[in-house]
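Remember, it's 1-based here, ligands and their atoms both numbered in the order they're listed. The figures here come from the full heavy-atom set of this structure, side chains too, leaving out hydrogens, waters and symmetry mates.
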Amino acid sequence: MNILVLGSGGREHALTWALAKSPKCSEIYIAPGNGGTDSLGTNIKSLNIEDGEAVLDFAQRNDVDLVVIGPEAPLVKGVADVLRAAGIAVFGPDEQGAQLEGSKTYSKEFMEANGIPTARYKSFTNRDEARAYCEELGAPLVVKADGLAAGKGVIIAETLDAALGAVDACFSGEFGSAGNTVVVEEMLTGPECSLLAFVTNGKAFCMAPAQDHKRAYDGDLGPNTGGMGVYSPVPIVTEEEMAEMVRIMEVAAAATAKDPFVNDYRGVLYGGFMLTPEGPKVLEFNARFGDPETQVILPRLKSDLVDVMMAVAEGRDGDISLDWADDWAVSVVLASEGYPGSYEKGKVILGVQDAEEFDEGKIIVFHAGTGLNSDGELITAGGRVLNVVGLGSTFDSARHRAYEAVKRINFEGKQFRTDIGKKAQEGRSAWN
Ligand code: AMP
Ligand code: GLY
């Protein structure tokens with residue numbers, strides 16, 4: 001079977017790695033791919049992955065049997081719709097399904113209509129009305145640009161002034177058209193937990209839970225990032241909370257097949273939860289695999305990912321079964337100095353092979369922002385550079401391995417958190 005993966009991050013390296021392990025996978029193309037996917041298949045740098053017709057043309061010319069869409073942008077642009085209309089199997093929801101991520105207002109209305117617990121909110125297209133609602137609710141507040149804003153459109157405002165400033169920033173075009181509509185919501189507190197599910201035919205098949213670390217620096221300080229580290233499973237989640245999150249994912253999946261939200265949802269639904277004192281509440285839905293969650297979830301999946309994705313793409317929910325390893329996975333992100341602000345690229349990376357080999361089979365290094373220079377050396381090419389994953393029979397051993405491997409990899413300006421998984425090891429009280 002020939003497979004095309006769209007995207008270039010650590011998530012796409014992990015997807016490609018898991019798909020390429022399947023005996024059913026013959027050719028695998030990654031567009032545009034990165035320095036890591038290069039050794040698993042063929043990187044296609046020139047394809048515009050947000051152009052459905054261009055992706056379709058490539059898929060037809062190369063006898064592609066399955067297209068796996070990694071990032072949100074092509075989903076929101078309807079690339080899955082174009083491919084499906086031409087009879088190609090696609091893993092990823094259609095344009096309307098992707099609105100669960102593409103529009104925070106749509107997502108909130110979807111939650112409200114289906115009784116899904118979430119933060120109290122209102123959505124505005126008028127600056128003064130948004131400001132008035134901030135004053136009515138009072139700080140702390142969360143202000144969100146409605147559309148896709150590369151993870152930057154969510155402002156946690158501890159004070160009313162900060163909230164009003166965030167509303168003004170959205171309406172003055174700081175997030176482009178994503179900020180033409182603004183969601184203002186109450187601030188929730190508690191640990192966060194990501195629960196992803198394969199969804200097809202209105203049915204949800206939940207994966208193992210994972211916990212991301214969004215802030216740039218140790219102790220959950222500094223600016224929000226795309227994610228600086230992650231682990232799976234999540235020991236601080238109670239059985240009751242897990243059951244409630246699974247229930248919510250099942251309700252959400254069923255709602256994708258019901259009026260008025262009916263759509264062709266065949267892909268991953270990502271539930272971003274806050275474990276509040278009143279129970280789990282949804283912070284956001286994403287229409288794709290999480291990055292970096294995928295990098296710790298897929299190494300723990302024992303089932304053949306090609307089988308699972310084909311069944312999802314073809315709506316054969318009866319053929320889906322997920323088998324998970326009992327072990328733990330911890331991933332530490334190595335980032336460029338300055339990330340999530342501006343950073344330099346092109347720094348030579350040393351020690352990746354050494355890191356993978358010192359504990360063979362227990363360390364995986366997934367590339368995110370990497371490339372090759374003209375001398376064939378591996379270089380940094382993005383903010384998040386590498387995901388160093390440690391596996392182990394205990395949380396402690398997985399975490400220890402990840403950090404031992406981190407020591408062996410070097411590039412100028414290497415930046416990482418030293419406390420991935422630390423709070424979870426301390427227990428639930430660490431969040432109080
Ligand atoms: P979102 O893109 O909506 O998930 O927001 C990104 C991050 O902002 C989340 O992972 C949370 O850390 C934080 N966040 C979003 N909404 C809220 C909320 N209502 N209360 C507290 N934190 C939030
Ligand atoms: N890890 C956060 C995300 O993928 O949105």
Completion exercise
Tightest non-hydrogen contact, residues C193 and P209, listed as SG-CB, 3.9 Å
Practice task
Could you tell me whether K144 approaches ligand 1 through its side chain, its backbone, both or neither, with non-hydrogen atoms closer than 4.0 Å?
Solution key: side chain
Practice task
Would you check the N or O atoms of V142, main chain and side chain alike, for any that come under 3.5 Å of an N or O of ligand 1?
Solution key: no
Practice task
Could you pull out, from V154, N286, N224, D220, the option with a heavy atom nearest to atom 5 (O) of ligand 1?
Solution key: V154
Fill in the blank from the handout: A student checking ligand 1 against E185 at a 4.0 Å heavy-atom cut-off should list atoms 16 (N), 17 (C), 18 (C), 19 (N)
Exercise for the section: Could you check K214, R417, K422 and say which one makes a salt bridge (Lys or Arg N to Asp or Glu O under 4.0 Å) with D220? Expected result: R417
Handout entry: Pair E426-K423, salt bridge (charged side-chain N to carboxylate O under 4.0 Å, His left out): steps then yes or no
Key = CA-CA 5 Å; E426 288 164 10; K423 256 178 151 173; over 6 Å; no
Fill in the blank from the handout: ligand 1 atoms nearer than 4.0 angstrom to some heavy atom of L188 are 18 (C), 19 (N), 20 (N), 21 (C)
Exercise for the section: Only counting residues at least two apart or in another chain, list the ones meeting side chain to side chain contact (heavy atoms under 4.5 Å, CB included) with K45. Expected result: none
Problem - Donor-acceptor under 3.5 Å (T200 side chain, V312 main chain) - result: yes
Practice task
On the 0 to 90° scale, with breaks at 30° and 60°, tag the F289-F91 ring pair as parallel, tilted or perpendicular.
Solution key: parallel
Handout entry: Sorted by chain and number, the residues that approach ligand 2 to under 4.0 Å with a heavy atom
Key = D212, K214, G226, Y270, N286, R288, G290, D291, P292, E293
Fill in the blank from the handout: Going by the 4.0 angstrom heavy-atom rule, the piece of L283 near ligand 1 is both
Which atom pairs, donor and acceptor, lie under 3.5 Å between side-chain atoms of residues 269-276 and protein residues at least two apart or in another chain?
| residue | atom | partner | partner atom | Å |
| --- | --- | --- | --- | --- |
| Y270 | OH | S194 | OG | 3.3 |
| Y270 | OH | E293 | OE2 | 2.8 |
| T276 | OG1 | E278 | N | 3.1 |
| T276 | OG1 | G279 | N | 3.3 |
| T276 | OG1 | G279 | O | 2.6 |

Problem - Ring centres under 6.0 angstrom apart (F58, Y29) - result: yes
Problem - Sequence-distant partners of I116, side chain to side chain contact (heavy atoms under 4.5 Å, CB included), two or more places apart - result: F110, M111, N114, I248, V251, A252, V282, F285
Practice task
Tell me which part of I156 gets within contact of ligand 1: side chain, backbone, both or neither, using heavy atoms under 4.0 Å.
Solution key: side chain
Problem - Per-atom contacts, ligand 1 versus M274 - under 4.0 Å to a heavy atom - result: 21 (C), 22 (N)
Exercise for the section: Just let me know how M187 lines up against ligand 1, side chain, backbone, both or neither, with a heavy-atom cut-off below 4.0 Å. Expected result: both
Fill in the blank from the handout: Numbered in order shown, the ligand 1 atoms found under 4.0 Å of a heavy atom of E186 are 18 (C), 19 (N)
Exercise for the section: Without swapping roles, check the side chain of T394 against the backbone of S397 for a donor-acceptor pair under 3.5 Å. Expected result: yes
Fill in the blank from the handout: Near K214 (heavy-atom distance under 4.0 Å), the atoms of ligand 1 are 10 (O)
Fill in the blank from the handout: Heavy-atom closest pair (G92 atom, R84 atom, distance to 0.1 Å) is O-NH2, 2.6 Å
